[in-house]
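Residue numbers count from 1 along this sequence. Heavy atoms only: backbone and side chains are in, while hydrogens, waters and symmetry mates are out.
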Amino acid sequence: GEKTLLPFMQDVVRIDGLAGSLARSFVADPAFMPEIVLHVGIPTLVEWLGHVSMITLYNALHNLSPVLEPFVDKMENKKEKYLWRRRMEAWKFGSGNDYKFD
């Protein structure tokens, strides 16, 4: 649907859209996965799964950001505060959560 297609069309990959799309494809055609594996090969698939794992990790970390923000805001060390802010931005952008559905 629109929540999957719009970010993808703007080169934003989100784990929710990716997982939903793959799940629907697998339910519609269970032979789909073996065909993909045969087409791309195991090494490429393993490399891709590493990327998907990182998107998933960044998504989880981004979801923790609202809990961490009050602590980061209270940090007195400006360098540490700056580093944590950049870290949280990396989680946001790395997870695709910078895309806004309007």
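Look at Arg86 and Glu89 and you find a salt bridge, because one of the NZ, NE, NH1 or NH2 atoms lies within 4.0 Å of a carboxylate O, short of that distance.
Tyr82 and Met88 sit in two unconnected hydrophobic clusters of ILVMFWY residues. Membership requires side-chain heavy atoms under 4.5 Å apart, directly or through other members. Phe93 and Leu83 are not part of a single hydrophobic cluster, where members link through side-chain heavy atoms under 4.5 Å apart. Under a hydrophobic-cluster definition in which Ile, Leu, Val, Met, Phe, Trp and Tyr are linked whenever side-chain heavy atoms come within less than 4.5 Å, directly or via other members, Val40 and Val46 are assigned to the same cluster. Connection of Val52 to Phe26 is established within a shared hydrophobic cluster, with ILVMFWY side chains joined at heavy-atom distances below 4.5 Å, either directly or through further cluster members. Residue Ile15 is not grouped with residue Met54 when hydrophobic side chains (ILVMFWY) are merged at heavy-atom distances under 4.5 angstrom, including chains of intermediate members.
Atom CG in Leu49 sits 9.5 Å away from atom CD1 in Ile42 (nearest 0.5 Å). Between atom CD of residue Glu35 and atom CG of residue Asp29 there is a gap of 6.0 Å, rounded to the nearest 0.5 Å.
If you chain together ILVMFWY residues whose side-chain heavy atoms come under 4.5 Å of each other, Leu38 ends up in a group of its own.
Put simply, the side chain of Asn59 never gets that close to the backbone of Ile55: no donor and acceptor are under 3.5 Å apart.
Here the shortest heavy-atom pairing between Phe32 and Ser25 reads CE2-CB, 3.7 Å.
Under the rule for a side chain to side chain contact (heavy atoms under 4.5 Å, CB included), the partners of Met75 that lie at least two apart in sequence or sit in another chain are Val72, Glu80, Lys81, Trp84.
Results of the side chain to side chain contact (heavy atoms under 4.5 Å, CB included) test with Trp91 over Leu57, Leu61, Asn63, Asn97 single out Leu61 as the only residue that passes.
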